[in-house]
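A short write-up of the structure that comes next.
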There are 2 protein chains.
Amino acid sequence: MLTTHRKQLILDTLKRDGQVIAKTMSQQFGLSEDTIRRDLRELAEQGLLQRVHGGALPASPSVVDLAGRKLLATDAKTAIAKAAATLIQPKQIIILDGGTTTQELVKHLPLDFELTVVTHSPTIAVALIDHRNIDVIMLGGKLFKHSMVNIGAAAMEAISHIRADIYFMGVTGIHAELGLSTGDLEEAHIKRALCAAAAETIVMASADKINAASRYVIGPTSDVSTLVTEASVDESILKSFESLGVSVMNAK
Amino acid sequence: MLTTHRKQLILDTLKRDGQVIAKTMSQQFGLSEDTIRRDLRELAEQGLLQRVHGGALPASPSVVDLAGRKLLATDAKTAIAKAAATLIQPKQIIILDGGTTTQELVKHLPLDFELTVVTHSPTIAVALIDHRNIDVIMLGGKLFKHSMVNIGAAAMEAISHIRADIYFMGVTGIHAELGLSTGDLEEAHIKRALCAAAAETIVMASADKINAASRYVIGPTSDVSTLVTEASVDESILKSFESLGVSVMNAK
DNA sequence: CTTGACTGTGCATGATATTGCACGATAGGC
DNA sequence: GCCTATCGTGCAATATCATGCACAGTCAAG
């Protein structure tokens with residue numbers, strides 16, 4: 001048996017069962033555990049799986065995923081969301097991204113505010129339950145649970161029928177030269193499309209997102225009409241955004 | 001068993017029951033309480049749970065609870081949902097309506113169940129957050145807050161691209177002669193379309209829905225393959241359903 | 001055909017992780 | 001305040017791991 005073939009079988013087993021146990025594999029192939037361990041080590045180096053004591057798990061660790069799901073908004077996020085909420089006029093049509101900051105924004109809208117909200121996040125839709133005068137338009141698609149937003153072709157198609165006043169975008173990074181970025185390719189596509197579907201785009205970003213860049217680019221920073229951020233951000237950096245045509249709003 | 005896997009199961013139990021008891025877990029895994037305690041300690045260090053005397057509690061209030069608590073389910077509904085859950089096979093594609101009963105059904109699916117769920121209800125989508133092996137496809141549309149489901153032309157269009165194994169339908173009334181009915185015209189349209197998009201339709205209905213009729217008709221009762229209901233319903237009425245080709249399942 | 005470099009494998013060895021038990025400390029019920 | 005269940009820590013036994021090395025098979029150059 002080719003080692004490449006064996007490694008493929010290990011990956012297949014991992015995909016099927018969600019885990020691989022070194023001992024079981026060694027028995028199955030009739031080889032020593034050492035050999036399997038070597039395979040696992042090599043596959044781990046290639047990032048194809050995650051090594052644990054006794055065997056291996058899929059590369060994207062679900063435990064980390066659970067750990068990363070912090071729904072707690074910081075004070076800064078609350079302040080930013082509150083400031084951003086003042087930019088909304090009654091009866092407008094606005095697009096809301098998923099994410100904790102937009103979630104906070106919803107909390108700062110009066111319960112009888114008149115508005116139409118377009119969103120691809122079921123979490124946002126649920127958060128708007130009690131706002132009796134807000135019409136919610138949901139964009140469908142495949143739910144990307146990491147960010148709790150719908151993505152994929154169906155989402156893109158749905159966006160193409162939308163024309164909104166404001167798009168409130170959440171980003172992983174906003175950089176004067178490198179532009180807007182996020183951690184997932186599909187999400188980047190969706191955000192780009194939403195940006196195009198709205199007359200203006202407002203980015204809400206806490207200090208750690210400013211002049212940071214992530215893996216996938218959404219578009220140039222000049223696409224943004226207003227950036228809402230914290231007061232603690234360096235003046236000169238904000239100036240560089242303003243020179244790109246972005247009006248900066250400081251939440252205190 | 002991998003220790004990582006065991007920890008995952010502990011977290012699953014915690015999510016499902018809202019608490020974990022060290023003694024119970026040790027018996028379940030056939031390990032000493034010391035080992036469980038060690039696991040709990042480590043998980044607590046990662047902030048994934050909160051350690052208490054005798055076991056552990058969730059670290060932060062669950063999103064599922066926040067969304068689900070508002071709608072309280074009766075004992076009958078719980079029993080019906082539990083029975084209905086047994087009709088689902090792994091790796092199937094199922095359509096879930098909105099409503100309290102389907103919400104209950106979600107709670108009875110194991111957290112590692114493999115499934116594709118199509119839904120037009122953001123509430124259901126949010127409830128499926130922790131089911132790591134369930135792919136969620138959301139159908140967009142205009143959110144009808146009364147039932148928390150997406151309706152309208154966009155929803156209809158999205159449905160036309162779907163082909164599922166089972167559709168779990170919630171109804172306001174199921175009547176031997178008057179058929180299936182619901183309180184909103186748009187919803188009736190959607191339900192009709194979803195019914196056509198699935199190989200079989202399962203209706204979950206508590207006693208008060210049986211032989212009741214509402215304003216808008218979804219379709220004939222013969223469209224239903226299985227009716228899941230309570231034991232308290234009159235035998236002769238259930239017989240009348242069976243003569244229409246509906247197989248009746250009694251949740252006790 | 002022979003030789004030597006290379007690869008895949010299994011085994012030995014010391015290192016590390018996991019587990020169960022013992023024992024004293026602590027918490028919670030009454 | 002007492003009693004019991006639970007807890008944390010240290011320790012020993014076992015399982016699993018990484019590393020180095022030996023051996024067999026492959027392949028290509030000489």
Side-chain angles (χ1 to χ4, degrees), chain A residues 1-70 72, chain B residues 1-62 65 110-112 130 132-133:
Chain A
M1 177 191 299
L2 257 47
T3 66
T4 323
H5 184 215
R6 190 180 57 232
K7 285 185 187 173
Q8 189 56 57
L9 289 176
I10 290 176
L11 289 175
D12 288 350
T13 307
L14 184 62
K15 192 158 196 179
R16 182 165 45 90
D17 301 342
Q19 62 172 14
V20 165
I21 295 169
K23 196 171 199 167
T24 314
M25 283 289 113
S26 73
Q27 288 166 356
Q28 190 171 320
F29 292 127
L31 293 169
S32 75
E33 288 181 44
D34 296 69
T35 306
I36 303 299
R37 271 198 288 270
R38 242 183 293 253
D39 289 345
L40 294 180
R41 236 175 297 162
E42 284 160 21
L43 289 169
E45 270 173 32
Q46 293 174 52
L48 297 174
L49 51 77
Q50 185 199 353
R51 193 79 175 76
V52 296
H53 199 87
L57 293 172
S60 57
S62 57
V63 179
V64 171
D65 190 42
L66 287 173
R69 190 166 292 157
K70 291 170 202 148
L72 317 166
Chain B
M1 176 190 299
L2 299 174
T3 65
T4 323
H5 186 216
R6 190 181 57 231
K7 285 184 189 174
Q8 187 61 60
L9 289 176
I10 290 175
L11 289 175
D12 284 357
T13 308
L14 186 61
K15 276 268 161 58
R16 199 186 56 223
D17 301 345
Q19 63 168 10
V20 166
I21 296 167
K23 195 170 198 168
T24 314
M25 283 289 114
S26 72
Q27 288 165 356
Q28 189 172 321
F29 293 128
L31 294 169
S32 76
E33 287 181 46
D34 296 69
T35 306
I36 304 299
R37 271 199 289 271
R38 243 183 291 253
D39 288 346
L40 293 181
R41 238 174 293 165
E42 283 162 21
L43 290 169
E45 268 175 32
Q46 291 174 55
L48 298 175
L49 51 77
Q50 185 194 345
R51 193 78 175 78
V52 295
H53 201 85
L57 294 173
S60 58
S62 163
D65 287 347
L111 285 179
D112 59 354
D130 293 318
R132 54 187 172 282
N133 292 330

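Lettering follows sequence order; numbering is per chain, from 1. Treat the numbers as computed from the prediction; the structure is a model and nothing was measured.
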Spacing between [X] atom [atom1] and [N] atom [atom2], to the nearest angstrom:
X       : N      : atom1 : atom2 : value
B/Glu33 : D/dT4  : CD    : C1'   : 13 Å
B/Leu40 : D/dT6  : CG    : C1'   : 12 Å
A/Asp39 : C/dG10 : CG    : C1'   : 13 Å
B/Ile36 : C/dG20 : CD1   : P     : 8 Å
B/Leu2  : C/dA17 : CG    : C1'   : 13 Å
B/Glu45 : D/dC7  : CD    : P     : 16 Å
A/Gln27 : D/dA15 : CD    : P     : 14 Å
B/Glu42 : D/dT9  : CD    : P     : 12 Å

#### Entry: Minimum heavy-atom distance A/Met25-A/Ile10, with the two atoms named
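Taking A/Met25 first and A/Ile10 second, the nearest heavy atoms are SD-CG1, 4.1 Å.
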
### Summary
Correct closest heavy-atom pair for A/His53 and B/Leu2 would be O-CD2, 3.5 Å

It should be established whether [X] places a side-chain nitrogen or oxygen under 4.0 Å from OP1 or OP2 of nucleotide [N].
X       : N      : answer
B/Arg37 : D/dT9  : no
A/Lys23 : D/dT16 : yes
A/Thr35 : C/dG10 : yes

Regarding [N], can its base be found pairing with the side chain of [X] as donor and acceptor, where the two atoms are less than 3.5 Å apart?
X       : N      : value
A/Arg6  : C/dG8  : no
B/Asp34 : C/dC21 : yes
B/Arg38 : C/dG20 : yes

### Message
Assess the residue pair A/Asp12 and A/Arg6 against the criterion (salt bridge (Lys or Arg N to Asp or Glu O under 4.0 Å)); give the C-alpha distance rounded to whole Å, side-chain angles, the decisive distance to 0.1 Å, and a yes or no.
### Response
CA-CA 10 Å; A/Asp12 288 350; A/Arg6 190 180 57 232; over 6 Å; no

### Query
Is B/Lys23 salt-bridged to B/Glu33, cutoff N-O under 4.0 Å?
no

### Query
Do side-chain atoms of B/Asn133 reach the backbone of B/Asp112 as a donor and acceptor pair under 3.5 angstrom?
yes

### Query
A/His53 side chain: which of D/dT6, D/dT16, C/dG20 is closest?
D/dT16

### Task
Take A/Ala22 and B/Gly55, find for each the nucleotide of DNA chain D with the closest heavy atom, and name the residue whose nucleotide sits nearer the 5' end.
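The answer here is B/Gly55.
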
